[in-house]
Amino acid sequence: MKLITCGLPYANGKAHIGHLRTYIPADIYVKYLRMLGEDVIFVCGSDSHGTPIVVNAEQANMTPKQLVDIYHKHFQEIFEKLDINFDYYGRTDEEYHHQTTQEMVKKLIEKGYVYPKEIELAYCPKCERFLPDRYVEGTCPYCGEIARGDECDQGCGRHLEPGEILNAKCKICGSKAVYKKQKHYFFKLTEFKEFLEGYLDKLKGTENALNYARQWVKAELKDWCITRNLEWGVKFPNEDLVVYVWVDAPIGYISFTKKACEKLKKDWKSIWLKDGEIIHFIGLDIVYHHCIFWPAMLKGADYNLPKAVVASGMVKVEGKTFSKSRGYVVWVEEDYLKAGLNTDYLRYYIINYTSHQKDLNFSWEIFKDKVNNELIATLGNFMYRVLHFAWKNSKEIKMDVDEEVMEKIKEVKDKIVESLNDWEFKVASDAFMELASFGNLYFQNAKPWELIKKDKEKCEKVLSSCLQLVKALIIFGYPILPKTMVEMGKIVGIDVKNSKIDDALKVDETIALNKPKVPFEKVEDEKVEELEKKMMRRIRGEKMEEVVDIEEFTKLDLRIGKIVKAEKIKKSKKLLKLEVDIGNEVRQVVAGIAESYEPESLVGKLVPILVNLKPAKLMGVESQGMILAVDVDGKAILMHPERDVPVGSKIR
RNA sequence: GCCGAGGUAGCCUAGCUGGUUGGGGCGCCUGACUCAUAAUCAGGAGGUCGGGGGUUCGAAUCCCCCCCUCGGCACCA
């Protein structure tokens, strides 16, 4: 038995194209496996725990559960609409999942892989509680930037372990937190180093995931703090703590398997306690958890281990790095579904643009081209011209298929099966499209429109061969284009949902036809323009929505300074150390402009500088201000006053 | 800076255990055809295989150096 899982979407935001990049290929893979007669279970669910959900729920004035309800439902709807059909789509805040998690945690405790340790944690005296993760705001111990409890999100991006953050403040009431000792629990990840090294050698999947994980294991493993001070989450045994969300989230794979098995009358133990083949589909961002923490936990608690981890590459939007805040995003509901576009188009784009491991660029222009030129002109046109021609002339065709055609179908089938084994879904979809091209060529060369006038028998033979190709296309194409192929199946009398891949190689006595209709609607230029405009508006506009009042602005002491000295900071790629004359004094400022400017070229330049910025240390160098610069795709471009002005002049 | 993955025609790619003129798809140009959603079919143009060295009778393919892109880590005040 095989189990396929997808990384759990975090129930804290809506579905975007980045999510689909994992779920659609996984679904296609599952549909193909089923056609190959494999016994497959496919599960996923909402990741409901963790502090962001608690914080966001509080801000929205609702309970965490209510917040999760919203997004859980959202994702279920999205998946249904896109024909991503999980056998079970659960959520981690349900009782059954808590039970499964606790069983596993207890097992790890019993086996001695968990130990308590006192650590100093931020505690809010006013709210009378410890402040986990994003309840804390403070200073990053590494870069001095304002950070939240678990991650220095504004600054260096480092992951912070509980207790590491400095000058902590409670995010809820704003009062200064004190540090108090508290007992927390750690998982002995370090004991699994050797196991992991061996395991990662055998683990299958995409190279992008495996290499990445091997790198981590080679470098350094630290024991892992697995408890948090929260009410929302899975209770840690005998303590007033909750297990860390990244402990319980992957256990969702097990608890959702149990639920799926209940429904399907199958045995979950044969998968998780014996030798079922477990395959995880994930995004590249969570390789660490799936290739390191997760197998170590499973090993420690005597569970079966994943056989493969398949990681999808990044998604770009219109050639730019995916970014929700910058507007380079495609929301599934708001952008795609609302536009009334056929969901099969998106499935095809995602599977066929490039190899699963590589970066996928989503662009509406390319989308239009792929749909109109490939799906419609090649595939749709072939199916329709055959069906329409055949139906117009006879309604029922006696089947007598050309050997050459059968061989071609067989060849394409083999290619599809082979590429699936390598997680090369594009290759599979290319093979499928190649069959449609073959069909067009066959039809064109055989000229049935001429044959029908002089040799009806021969014409029928040609049509029968073409119909067999259509049938094969319906079957091979179903995993990729389920909606369309179900409809096409009805025309030729195939129940494609229950077909096997080898049915494409079986020839019926006759095929009776229903009235055909065109498989796909074109994507019009106007539609694409509209969608592009919408995206451009978002890219330009979104950041301007936040309003700042004049008082806030006047707090900033902005002046013109003159760069009097500039030098590189050793071992730094982006930073320059500048000395800037601001009239009454000379300030030392560290600026991240080394990629755009040579130090020599800067001396003497007048630049805007924020003078009253809190000083910070970068790479050990003190910085007492900030040079303002234009950000063009991450590159810094300096600004200068339009004419000479005295140093220290105020900017308003 | 370190580590990993890459850089093949406008775009997506095959080839990478070295060997006849580097394949395919989309787009582009020309012609043919009309069953078909101006779809299809044939032909064609287009590549210093990131750059430079080297090994070899022979390199996209092996070795060295460099450049660029992406991701991770390390400083992007």
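Hydrogens, waters and symmetry mates are skipped; everything else that's a heavy atom, side chains included, is used. Chain A is the first sequence line, chain B the second, and so forth, proteins listed ahead of strands; every chain is numbered from 1. This one's a predicted model, so the numbers in the text were calculated from it and none came from an experiment.
In this structure, B:A36 makes no Watson-Crick or G-U wobble pair, since no nucleotide meets both defining distances under 3.5 angstrom. Using N1 to N3 plus N6-O4 or O6-N4 for Watson-Crick, or N1-O2 and O6-N3 for G-U wobble, each under 3.5 Å, B:C75 pairs with nothing. Remark: B:A5 base-pairs with B:U69. Criterion, Watson-Crick or G-U wobble with two distances under 3.5 Å. Remark: B:C62 base-pairs with B:G54; criterion is Watson-Crick or G-U wobble with both hydrogen-bond distances under 3.5 Å. B:C26 and B:G10 make up a base pair, with Watson-Crick or G-U wobble contacts both under 3.5 Å.
A:Lys358 comes within 4.0 angstrom of sugar-phosphate atoms only, judged by non-hydrogen atoms across all strands, and of no base. Residue contacts for A:Phe443: at a heavy-atom cut-off of 4.0 Å it reaches a base atom on one of the strands shown. A:Ile376 comes within 4.0 angstrom of a nucleotide base, judged by non-hydrogen atoms across all strands.
Remark on RNA chain B: of its neighbouring residues A:Asn440 and A:Leu284, the 5'-side contact belongs to A:Asn440, judged by nearest-heavy-atom nucleotide. For A:Met314 and A:Ala377, each mapped to the nucleotide of RNA chain B holding its nearest heavy atom, the one lying further toward the 5' end belongs to A:Ala377.
Nucleotide B:G6 holds its C1' atom 17 Å from the OH atom of A:Tyr212, rounded to whole Å. Across the protein-nucleic acid pair, A:His356 atom NE2 and B:G6 atom P stand 16 Å apart, rounded to whole Å. When rounded to the nearest whole Å, the span between CD of A:Gln357 and C1' of B:G6 equals 11 Å. Atom CD in A:Glu434 sits roughly 9 Å away from atom P in B:G25 (whole-Å rounding).
For A:Lys522, a side-chain nitrogen or oxygen approaches OP1 or OP2 of B:A39 to under 4.0 Å. Proximity of A:Asn373 to the phosphate of B:G27: a side-chain N or O atom is located under 4.0 Å from OP1 or OP2.
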Atom pairs and distances, donor-acceptor, side-chain atoms in residues 434-443 of chain A, under 3.5 Å, two or more places apart:
| unit_1 | atom_1 | unit_2 | atom_2 | d |
| --- | --- | --- | --- | --- |
| A:Glu434 | OE1 | A:Lys415 | NZ | 3.1 |
| A:Glu434 | OE2 | A:Lys408 | NZ | 2.8 |
| A:Asn440 | OD1 | A:Arg385 | NH1 | 2.8 |
| A:Asn440 | ND2 | A:Thr378 | O | 3.1 |
| A:Tyr442 | OH | A:Asp402 | OD2 | 2.7 |

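Using a 4.0 Å cut-off between a side-chain N of Lys or Arg and a carboxylate O of Asp or Glu, A:Glu424 and A:Lys426 do not qualify as a salt bridge.
Taking only side-chain atoms of A:Gln444, from C-beta outward, the nucleotide of B:C70, B:U37, B:C41 with the closest atom is B:C41. Residue A:Asn445 places its side chain closer to B:C41 than to any other of B:C41, B:G72, B:A39. Each of B:U37, B:C41, B:C70 was ranked by its minimum atom distance to the side chain of A:Phe520; first place goes to B:U37. Among the nucleotides B:C12, B:A5, B:U37, the one closest to any side-chain atom of A:Tyr353 is B:C12.
Every side chain to side chain contact (heavy atoms under 4.5 Å, CB included) that A:Asn393 has, sequence neighbours left out, goes to A:Phe389, A:Ile452.
Ring geometry for A:Phe367 versus A:Phe362: interplanar angle of 30 to 60°, hence tilted. Between A:His16 and A:Phe322, the ring planes are tilted. Angles from 30° to 60° get that label.
Atom CD of A:Glu396 sits in a crowded spot, with more than 12 heavy atoms from other residues, nucleotides or ligands closer than 6.0 Å.
Proximity of residues 381-392 of chain A to RNA chain B (heavy atom under 4.0 angstrom from any strand atom) is restricted to A:Asn381, A:Tyr384, A:Arg385, A:His388, A:Phe389, A:Lys392.
Geometrically, A:Lys222 does not engage A:Trp224 in a cation-pi contact, judged by NZ or CZ lying under 6.0 Å from the ring centre and within 45° of the ring axis.
Using atom P as the reference point in both B:G1 and B:G23, the two lie 39 Å apart (nearest Å).
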